[in-house]
Amino acid sequence: SETEFINNFLKTKENMLNGIDLGCSNRKKINFSVGIDQDRCGGKTNELVWDGTKELPFRDETLDFICGSHIIEHIEDPVQAIEDWMKKLRVGGVLLLIVPHKTFIPNIGTPDGDPTHIRDFTPKSFKIDVLDRLNIKYGLLSFDNLKNNWSFDCFLVKL
């Protein structure tokens, strides 16, 4: 599962204690993270309401990780979002993205497509349209290794 994949990855890294789970809804991927979403989700999980229109309410270079599972496809400018999120990470901090795979989900504009998605990605299009356009120093830790037939991973480290 995605949750297991993310948590197993974090276990391989040192000092990953202080982080956030963006767009967690009512189920965080990382239990000890601060859950953040657009509304209270019935008060079940997220500790912070944030609509994404303002800067994240954390000091720059203070977080060990940011997890964003199934969130980047909802964002108008994913390049800017990633650059903003990476500012909040300390050097060596990781951004853990899980992205729906266009090949395996109903696409935008189709009857079953998610109307809240702004764009659909394949790993190749994500690399070209997002990663290759980033104006930050980062390392790629894991990319398209999830292999679950509906999404792919993109884990970045801040250099």
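Summarising the local packing, NZ of Lys124 is surrounded by 12 or fewer heavy atoms from other residues, nucleotides or ligands at distances under 6.0 Å.
A 4.5 Å side-chain heavy-atom check between Val130 and Ile82 finds at least one atom pair inside the cut-off. Side chains of Met86 and Tyr138 form a contact here, defined as non-hydrogen atoms less than 4.5 Å apart. In this structure, Trp85 and Leu97 have side chains that are in contact, with non-hydrogen atoms separated by less than 4.5 Å. Between Asn149 and Thr103 there is no side-chain heavy-atom pair separated by less than 4.5 Å. Counting only heavy atoms from C-beta outward, the side chains of Val94 and Leu156 never approach each other to under 4.5 Å. Cys67 is listed as a side-chain neighbour of Ile6, based on a closest heavy-atom distance under 4.5 Å.
For the salt bridge (Lys or Arg N to Asp or Glu O under 4.0 Å) condition, no pair includes a residue of residues 91-116, sequence neighbours left out. A salt bridge (Lys or Arg N to Asp or Glu O under 4.0 Å) check over residues 83-96, counting only residues at least two apart or in different chains, returns the pairs Glu55-Lys88, Asp60-Lys88, Asp64-Arg90, Asp84-Lys87.
Not counting sequence neighbours, the partners of Phe5 by the ring-ring contact (aromatic ring centres under 6.0 Å, His included) test are Phe155. Partners of Phe126 by ring-ring contact (aromatic ring centres under 6.0 Å, His included), not counting sequence neighbours, listed by chain and number: Phe121, Phe152. Not counting sequence neighbours, the partners of Glu73 by the side-chain contact (heavy atoms from CB on, under 4.5 Å) test are His70, Pro100, His117. In this structure Glu76 satisfies the side-chain contact (heavy atoms from CB on, under 4.5 Å) test together with Ile118, sequence neighbours excluded. The side-chain contact (heavy atoms from CB on, under 4.5 Å) test applied to Asp77 returns Val79, Gln80, not counting sequence neighbours. Residues passing the side-chain contact (heavy atoms from CB on, under 4.5 Å) test with Asn7, sequence neighbours excluded: Thr3, Ile30. In this structure Asp132 satisfies the salt bridge (Lys or Arg N to Asp or Glu O under 4.0 Å) test together with Lys127, sequence neighbours excluded.
Considering CD1 of Ile72 and CD1 of Ile75, their distance stands at 4.5 Å, rounded to 0.5 Å. Here the CD1 atom belonging to Ile98 is positioned 7.5 Å from the CG atom belonging to Leu96, to the nearest 0.5 angstrom. Within the model, atoms CG of Leu146 and CD of Glu4 stand 10.5 Å from one another, a figure rounded to the nearest 0.5 Å.
Connectivity analysis of hydrophobic side chains (ILVMFWY, heavy atoms under 4.5 Å, direct or indirect) links Ile128 to nothing; its cluster partners are none.
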For residues 15-22, run the donor-acceptor check on the side chains, cut-off 3.5 Å, and write out each pair with its distance to 0.1 Å, sequence neighbours left out.
from, atom 1, to, atom 2, distance (Å)
Asn18, ND2, Thr62, O, 2.9
Asp21, OD2, Lys29, N, 2.6

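For the residue pair Thr116/His74, the side-chain donor-acceptor check at 3.5 Å is satisfied. Between the side chains of Asn145 and Ser142, at least one donor N or O sits under 3.5 Å from an acceptor N or O.
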